[in-house]
Every structure is written in structure tokens, then in C-alpha cells.
Amino acid sequence: MQVLMNTVSPKYNTYNNFNNTNKQQYNQQPSFGANTDEVVIKVVKKSNFLKKTITAIKSVPKKLTQASAWLVPKLFDNKFMDKLSVKLQNSDNLFKHFLAIGSAITSGMYMYKTLQNDKLDKDRKNTLAVNQFLTFVLSTAGAYAIDGSINDWWQKMTAKYAAASLEDKTLLDDFVKEFKEAKEENKKIKAFNKTASAADKKDLKSVRADAFIKDRLGKYLVDAKDRSLFMDRIKGMSFLKSMLVFALVYRYIVPVAVTKPANILCEKYLAHKKNEEKDDD
């Protein structure tokens, strides 16, 4: 009979098996594969906080739409806006006014951000804000002045563009002749109005390129749709002029001409104020 001798007690053998199992589990590298991703996705889906956050974000456009639907009619659907629209609908300066309003909003935001800048001391913030305000005022005044001063020249340029497009130089010649005659007549009317009574005063003659071209456009274009499209281009010339002038003044002429002198004055003012504070101490 063969007898097998086990030199390790069952109790000790069980302990070694348990210890070896723990070592294997300890040395095993953690896995961050698909199972982990599935767990994260399940947690995100079950999170009430994330659900509420996503719901709140999705509701923002709806709330903005509802607020706009209530506010916009209140602002524009009233008697004051009706009267203002009728008064301004044929205004030549309406486009320029909107450009100036847009610049006012932009400059206002610049001033606000400057005054809220914690990296600058109070005196420097105030002087920079004043600098930005004066730059806006000078830019606006300069843009309106330049836009008005080149109006006559631009009317001739518009007629020149129309003549080139329609391939008829006589159109430009006729406009220039009529334009000069109207200018001479307006000088006489202005002289007469200075001494005339209110009832006898005469209106100045207006010779505009768009009206002049419209009256003669049937000679060149037979189709009504073609005439309408061409007149849209002619009317757009005045918008182009104002857009170029305002952009040039706001973004180049005044910033280049004003910023450096304004900065020099700002530095002198701050230095003078610091010297006064030292003297007071």
C-alpha cells in the first residue's frame, strides 16, 4: 500500500491559496476600456444635476424668443414709432444715423470694459474712458462733416458710373451740365431768400443723380425689372459712400490722429496728479 505524505497542514495550505489569490488580484492592472465608458455613460444619464443643467440650457433660446416676442412689439408697435417711421422713411441721412448709433454702442462697450478693468488704477481708467468718449465724438462729427462735403462730388461719380454701365457718355455730360445750372440757380435763390418774406421764399433746386438717371433710364433699358435692378445699384452708391467715409474716419483717421496726442496728455495729467499728491503728503 502506497501512502502519500502531505507535509503542509490543510489550514496552512488554505492560507497560502488565499494569499496567492490576493497577490494576483493586487498585481492585476486596472482596465479603463469599454466597461468603464459604459459606467460613466450610465452615471451621466442618471444624474439629476446634469439633467436639470441640460434642460435649463435648452430652455434659454425658448425664453429669449418669448421675451423678444413680448418686447419687440412694445418697442416698435406704437404711435411714436409710426410717426417717426413716416418722418424718416425718405431721409437721406437715415443710413448714416444707424452707422453712428452702431458706433455709439461699440464705443460705449469699450468705455464700460475700461472702467471695469481691475488691472488699471482709478485715474488711468477714467482718463482712458474719457479718451474713448472724445474719440467717438470727434469721429462722429468728422464722419458727418466729410460725408456732407463730398456729396456733390459723389453725385457726379454716380452719374459717371451709370454712364459707363449704360455705355453712353452723353448721360454724364447732361447731368454735369444740369447740375452746374442748378448750383448757379441755388446761389440766386439763397440771395433772394435773405431779403424775401417768409411767404415769398423759394425752395432750392435739388439735382440728384438717382432721380436724373431714373427719368432717362427708359431710353436704355426697356424691361421694367431691369430698370428696377439698375436703380437699386444706383441707390446703393449713396450707402457705399457713407459706409466708406464712416469706416475710414472711425477706424483710421481719428484713431491715428487722436490716440497718440491723447495718450501724451493722459500721461502728463497722471504725472501732474501724482506730483500734487506728493506735495500734499
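Scope of the values below: all heavy atoms of this structure, side chains included, with no hydrogens, waters or symmetry mates.
Residues Ser242 and Phe95 come closest through the heavy atom pair CB-CD2, 3.9 Å. The shortest heavy-atom contact between Gln155 and Val207 is OE1-O, 4.4 Å. Residues Asp168 and Tyr220 approach most closely at OD2-OH, 2.6 Å, considering heavy atoms. Of all non-hydrogen atoms in Ala209 and Ala159, the two that sit nearest each other are CB-N, 4.3 Å. Nearest approach of Leu115 to Lys125, heavy atoms of both residues: O-NZ, 3.4 Å.
Using modelled atom types, one finds a donor on one side chain and an acceptor on the other under 3.5 Å when comparing Tyr161 with Arg233.
Qualifying salt bridge (Lys or Arg N to Asp or Glu O under 4.0 Å) partners for Asp147, counting only residues two or more places apart in sequence or in other chains: Lys96, Lys241. Residues forming a side chain to side chain donor-acceptor pair (under 3.5 Å) with Tyr112 (at least two apart in sequence, or on another chain): none. The salt bridge (Lys or Arg N to Asp or Glu O under 4.0 Å) search around Lys183 returns Asp152, not counting sequence neighbours. The salt bridge (Lys or Arg N to Asp or Glu O under 4.0 Å) check on Glu181 picks up nothing, with sequence neighbours excluded. Residues passing the salt bridge (Lys or Arg N to Asp or Glu O under 4.0 Å) test with Lys169 are Asp173, sequence neighbours excluded.
Counting heavy atoms of neighbouring residues, nucleotides and ligands inside a 6.0 Å radius, atom CZ of Phe179 exceeds 12 of them.
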Check: residues 244-254 side-chain donor-acceptor pairs under 3.5 Å, at least two apart:
from, atom 1, to, atom 2, distance (Å)
Tyr250, OH, Thr140, OG1, 2.6

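One hydrophobic cluster holds both Leu138 and Phe133 under the rule that ILVMFWY side chains link at heavy-atom gaps under 4.5 Å. Hydrophobic clustering, with ILVMFWY side chains joined whenever heavy atoms are under 4.5 angstrom apart, groups Phe239 together with Ile150.
Both tests hold for Arg216 against Phe212: distance to the six-membered ring centre under 6.0 Å, angle to the ring axis within 45°.
Proximity of a side-chain donor or acceptor of Asn186 to a complementary backbone N or O of Leu204 within less than 3.5 Å is not detected. Between the Ser149 side chain and the Ile146 main chain, a donor and an acceptor come within less than 3.5 Å of each other. Of the possible polar contacts, one joining the Arg227 side chain to the Val222 backbone as a donor-acceptor pair under 3.5 Å is found. Proximity of a side-chain donor or acceptor of Ser107 to a complementary backbone N or O of Ser103 within less than 3.5 Å is detected.
Remark: Arg208 CZ to Phe175 CZ distance equals 9.5 Å, nearest 0.5 Å. Rounding to the nearest 0.5 angstrom, the gap separating the CG atom in Leu166 from the CG atom in Leu217 is 6.0 Å. From Leu221, atom CG reaches atom CE of Met231 across 10.5 Å, with rounding to the nearest 0.5 Å. Atom CD1 of Ile105 is separated from atom OH of Tyr110 by 13.0 Å, given to the nearest 0.5 angstrom. The structure places CD of Glu185 at 7.0 Å from NZ of Lys202, a figure rounded to the nearest 0.5 Å.
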- Item | Test log, rule side chain to side chain contact (heavy atoms under 4.5 Å, CB included), inputs Asp210 and Thr158 | CA-CA 8 Å; Asp210 53 355; Thr158 302; over 6 Å; no
- Apply the test side chain to side chain contact (heavy atoms under 4.5 Å, CB included) to residues Thr127 and Asn131: give CA-CA distance (whole Å), side-chain angles for both, the deciding distance (0.1 Å), then the verdict. CA-CA 6 Å; Thr127 51; Asn131 181 8; over 6 Å; no
